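One structure below.
Residue indices begin at 1 and follow the sequence shown. Bear in mind that the values here come from a model prediction, so they are computed numbers and not experimental data. Heavy-atom basis, side chains included; hydrogens, waters and symmetry copies ignored.
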Amino acid sequence: MGCHANMCLLALSLALPGCSLITSPDGLIFVDDAGLDSVDAGPDASTDAAAPLDAGDAGDAGPLDAGPCEETCGGERPLCDADTGECVQCLAASDCDDGDSCSVDRCGVDGTCSNTLEDRCLRAMSSGGDSTCAVQATGRVYCWGSNSHGQIGSTAVPVGGMQTRAVWVLSLSDARHVAVGERHACAARAGGEVMCWGDGGAGQIGDGGTAQRRTPVMVAAIGDALRTLVGVSHSCAISTDGTMRCWGNNGNGALGDGSTETRLEPVTVLRLDDFVSGAGGLGFTCATRTTGGAACWGWNLSGALGDGTMGDANRPIDVSGLSDAVDVSSTAVHSCALRANGRVACWGDNGAGQLGDGTKSNSNVPVEVSGLSDAIAVSVGASHSCALTADGTVYCWGANESGQLGTGAAGADVTTPVSVAGLGTATSISTGTAHSCAQVDRTDVFCWGDNSEGQIGDDTTEQRLTPTRVRGL
């Protein structure tokens with residue numbers, strides 16, 4: 001994404017004063033196409049050829065018109081009524097910009113800022129296991145895919161079933177970040193509280209019990225969270241002061257509190273208080289720090305901690321050789337870090353080539369992904385990895401048995417990055433067990449790969465070898 005991989009961007013800067021709205025703001029659409037009949041997506045598309053003097057064209061007599069409302073708006077980008085085709089606002093004449101939208105703010109009928117057209121802008125997305133969730137600008141969270149343990153967060157979806165298109169997580173309408181694990185999910189709310197739902201058998205819901213939760217419940221004693229992260233059976237939250245608290249399964253020290261005792265409520269990770277971002281895997285946790293370093297703790301299977309050893313750790317230890325990490329993604333038993341120079345380094349299990357260095361050799365220290373030099377985001381699945389580059393291209397590598405690399409074919413592992421086919425300019429990415437997703441044009445999500453649990457979100461369970469648009473967002 002242009003500024004940050006998990007935030008929406010302002011696509012048009014509005015500098016001129018005044019607001020020219022002339023009718024009700026409801027039911028409006030953008031028209032931004034050159035006005036040609038053959039491609040016109042505007043409200044007057046069906047009448048251009050037969051009646052070029054329609055209400056949307058302000059008297060332009062040519063069938064190859066300059067676009068609905070173009071003359072009315074004096075060449076500025078028009079916003080048109082979806083029913084009549086009439087111009088209701090010349091967008092470059094608005095002074096309602098609030099700097100936090102995915103395309104353009106507009107003025108309401110009373111001249112105050114109204115962002116209803118921006119509500120579908122996505123501010124965060126996360127995949128884990130066979131599910132994906134996305135946070136819209138309104139703060140609503142939508143999820144789709146497997147509901148094996150209630151991780152979709154809706155009573156409308158039976159536990160043990162699936163949801164093949166995006167559905168609203170019940171009662172959660174003020175989220176700013178979401179993290180999805182194998183069988184549960186957590187979200188940080190605007191006020192700093194954390195809500196979790198899904199499997200709670202190891203205490204990963206954080207409400208003091210081990211019950212499964214079909215809808216979000218509040219995690220105990222957290223009121224200042226900026227973001228959440230989840231592993232297979234544990235959860236964590238990073239607070240505004242840089243501290244991290246974790247809860248759930250701690251058998252291998254994944255909670256970082258110096259013990260291996262499972263915790264049903266949050267405990268503070270020892271030693272460090274400068275965490276920026278993080279991710280959880282199978283019995284381990286990794287996080288980046290304000291210094292540019294990265295730390296991991298927990299189960300060190302296949303070198304997942306990246307410290308050059310094979311021993312477990314119940315408190316943070318430094319990942320070897322990283323001093324410029326800006327983000328990290330972890331899952332089953334491997335991790336990848338995005339570096340400030342646009343390169344990506346990965347460590348841990350490499351049985352399917354998911355470290356991206358051209359080999360299938362495990363590594364207990366970070367190795368550089370081949371051929372990437374301008375990455376702005378990274379996300380890892382169970383045995384594959386993906387990165388987003390500055391020009392909006394998505395590259396993936398590793399296992400491809402379900403088509404999760406998006407190349408148009410399923411089959412052999414790929415040990416170095418390959419570009420995803422048929423995807424527009426992406427702004428964020430996320431990966432699950434054997435599927436991948438990308439946010440495109442700030443409001444849409446496209447997914448590909450395994451769809452046996454509806455994780456592609458296209459109202460089917462058909463495997464998708466190329467990006468397919470999620471429905472319901």
(message) Let's go through D349 and Q354 carefully: what are the C-alpha distance in whole Å and the side-chain angles of both, what is the deciding distance for side chain to side chain donor-acceptor pair (under 3.5 Å) to 0.1 Å, and is it a yes or a no?
(response) CA-CA 8 Å; D349 181 58; Q354 59 264 48; 3.0 Å; yes
(message) Could you walk me through whether H435 and S402 satisfy the side-chain contact (heavy atoms from CB on, under 4.5 Å) test, starting with their C-alpha distance in whole Å, then the side-chain angles of each, then the deciding distance to 0.1 Å, before giving a yes or no?
(response) CA-CA 8 Å; H435 77 286; S402 298; over 6 Å; no
(request) Assess the side chains of T431 and H384: does a donor N or O sit below 3.5 Å from an acceptor N or O? (result) no
May I have the list of side-chain donor-acceptor pairs in residues 317-324 shorter than 3.5 Å, sequence neighbours left out?
residue	atom	partner	partner atom	Å
D324	OD1	R339	NE	3.0
D324	OD2	R339	NE	3.3
D324	OD2	R339	NH2	3.3

(request) Ignoring hydrogens and angles, state whether a donor on the side chain of H184 or S235 is under 3.5 Å from an acceptor on the partner side chain. (result) yes
(message) Could you tell me if the side chain of W448 sits less than 4.5 Å from the side chain of V420, heavy atoms only?
(response) yes
(request) Mind running side-chain contact (heavy atoms from CB on, under 4.5 Å) on W397 and T415 for me, showing each step along the way? (result) CA-CA 6 Å; W397 59 96; T415 61; over 6 Å; no
(request) May I ask you to decide if S127's main-chain N or O and T132's side chain share a donor-acceptor pair within less than 3.5 Å? (result) no
(request) Dump the intermediate steps for ring-ring contact (aromatic ring centres under 6.0 Å, His included) on W297 and F275, then the final yes or no. (result) CA-CA 14 Å; W297 56 95; F275 293 112; 5.8 Å; yes
(request) Quick one: closest heavy-atom pair of A438 and A426, and the distance? (result) CB-CB, 4.1 Å
(message) Less than 4.5 Å apart, side chain to side chain, heavy atoms only: is that true for W197 and V169?
(response) yes
(request) Determine yes or no for a side-chain-to-main-chain donor-acceptor pair under 3.5 angstrom, with T228 supplying the side chain and C186 the backbone. (result) yes
(request) Determine yes or no for a side-chain-to-main-chain donor-acceptor pair under 3.5 angstrom, with N300 supplying the side chain and L305 the backbone. (result) yes
(request) Consider only side-chain N and O atoms of N314 and S259, and report whether a donor and an acceptor are under 3.5 Å apart. (result) no
(request) For residues S329 and S379, report the shortest heavy-atom separation together with the two atoms involved. (result) OG-CA, 3.4 Å
(request) Compare every heavy atom of W168 with every heavy atom of R140, then report the nearest pair and how far apart it is. (result) CG-NE1, 3.5 Å
(request) Using a 4.5 Å cut-off on heavy atoms from C-beta on, say whether the side chain of L229 contacts that of T285. (result) yes
(request) Ignoring hydrogens and angles, tell me if any N or O in the side chain of W247 forms a donor-acceptor pair with the backbone of Q204 under 3.5 Å. (result) yes
(request) May I ask you to decide if S452's main-chain N or O and D130's side chain share a donor-acceptor pair within less than 3.5 Å? (result) no
(request) Provide the closest heavy-atom pair for G454 versus W144 in the form atom of the first, atom of the second, distance. (result) O-CD1, 3.8 Å
(request) Kindly determine whether N364 and D307 satisfy side-chain contact (heavy atoms from CB on, under 4.5 Å), including the steps that lead there. (result) CA-CA 6 Å; N364 59 11; D307 68 332; 5.6 Å; no
(message) Walk me through whether M125 and I429 qualify under side-chain contact (heavy atoms from CB on, under 4.5 Å).
(response) CA-CA 7 Å; M125 180 172 64; I429 55 174; 5.6 Å; no
(request) Please round to the nearest 0.5 Å and tell me the distance separating atom CZ of R469 and atom CZ of R165. (result) 9.0 Å
(message) What's the separation between atom OG1 in T427 and atom CD1 in I376, rounded to the nearest 0.5 Å?
(response) 8.5 Å
(message) Can you confirm whether I152 sits close enough to V167 that some side-chain heavy atom of one is under 4.5 Å from a side-chain heavy atom of the other?
(response) yes
(message) Side chains of V380 and H334, heavy atoms from C-beta outward: is any pair under 4.5 Å?
(response) yes
(request) First locate atom CD of Q151, then atom OG of S131, and finally report the distance between them rounded to the nearest 0.5 Å. (result) 4.0 Å
(request) Look at R263 together with E265 and state whether they make a salt bridge at an N to O cut-off of under 4.0 Å. (result) no
(request) For residues W347 and V365, determine if any side-chain heavy atom of one lies less than 4.5 Å from a side-chain heavy atom of the other. (result) no
(message) Whether the side chain of N400 engages the backbone of A409 through a donor-acceptor N/O pair (distance < 3.5 Å, no angle test) should be reported.
(response) yes
(message) Whether the S370 and D357 side chains hold a donor-acceptor pair (N or O, under 3.5 Å, no angle test) is what I'd like checked.
(response) no
(request) Would you check if P316 and V269 make a side-chain contact, meaning some heavy-atom pair closer than 4.5 Å? (result) yes
(message) Treating R315 as the side-chain partner and G256 as the backbone partner, does any N or O pair qualify as donor plus acceptor under 3.5 Å?
(response) no
(message) Main chain of G253, side chain of T260: is a donor-acceptor contact present, judged purely on distance under 3.5 Å?
(response) no
(message) For N249 and S233, which I'm curious about, is there any donor-acceptor pair between the side chains at under 3.5 Å?
(response) yes
(message) By the definition side chain to side chain contact (heavy atoms under 4.5 Å, CB included), identify the one residue from C286, P366, S385 that meets it with S335.
(response) C286
(request) Please name the pair of heavy atoms, one in C447 and one in V445, separated by the smallest distance, quoted to 0.1 Å. (result) SG-CG1, 3.8 Å
(request) Locate the shortest heavy-atom distance separating L172 from R189; write the atom from each residue and the value. (result) CD1-CG, 4.1 Å
(message) Less than 3.5 Å apart, any donor N or O on the side chain of S126 or H177 sitting next to an acceptor on the other?
(response) no
Can you give the donor-acceptor pairs under 3.5 Å from side chains of residues 217-224 to other protein atoms, not counting sequence neighbours?
residue	atom	partner	partner atom	Å
D224	OD1	S239	OG	2.9
D224	OD1	R245	NH2	2.6

(request) Could you verify whether a donor N or O on one side chain and an acceptor N or O on the other, from D257 and N250, lie under 3.5 Å apart? (result) yes
(request) Would you check if the side chain of N147 reaches a backbone N or O of P158 as a donor-acceptor pair within less than 3.5 Å? (result) yes
(request) Working to the nearest 0.5 Å, report the span between OG of S436 and CD of Q404. (result) 6.5 Å
(message) Tell me if a side-chain donor or acceptor on E462 pairs with a main-chain N or O of T460 at a distance below 3.5 Å.
(response) no
(request) Quick one: pull up CD in Q136 and OH in Y142 and give me the separation to the nearest 0.5 Å. (result) 5.0 Å
(request) Using a strict 4.0 Å threshold on nitrogen-to-oxygen distance, state whether D413 and K360 make a salt bridge. (result) yes
(request) Check whether any side-chain heavy atom of Q163 lies under 4.5 Å from a side-chain heavy atom of V157, and answer yes or no. (result) yes
(message) Less than 3.5 Å apart, any donor N or O on the side chain of D458 or N451 sitting next to an acceptor on the other?
(response) yes
(message) Rounded at 0.5 Å granularity, tell me how far OG in S154 sits from CZ in R214.
(response) 7.5 Å
(message) I'd like to know if the side chain of Q455 pairs up with that of D450 as donor and acceptor (distance under 3.5 Å, no hydrogens or angles considered).
(response) yes
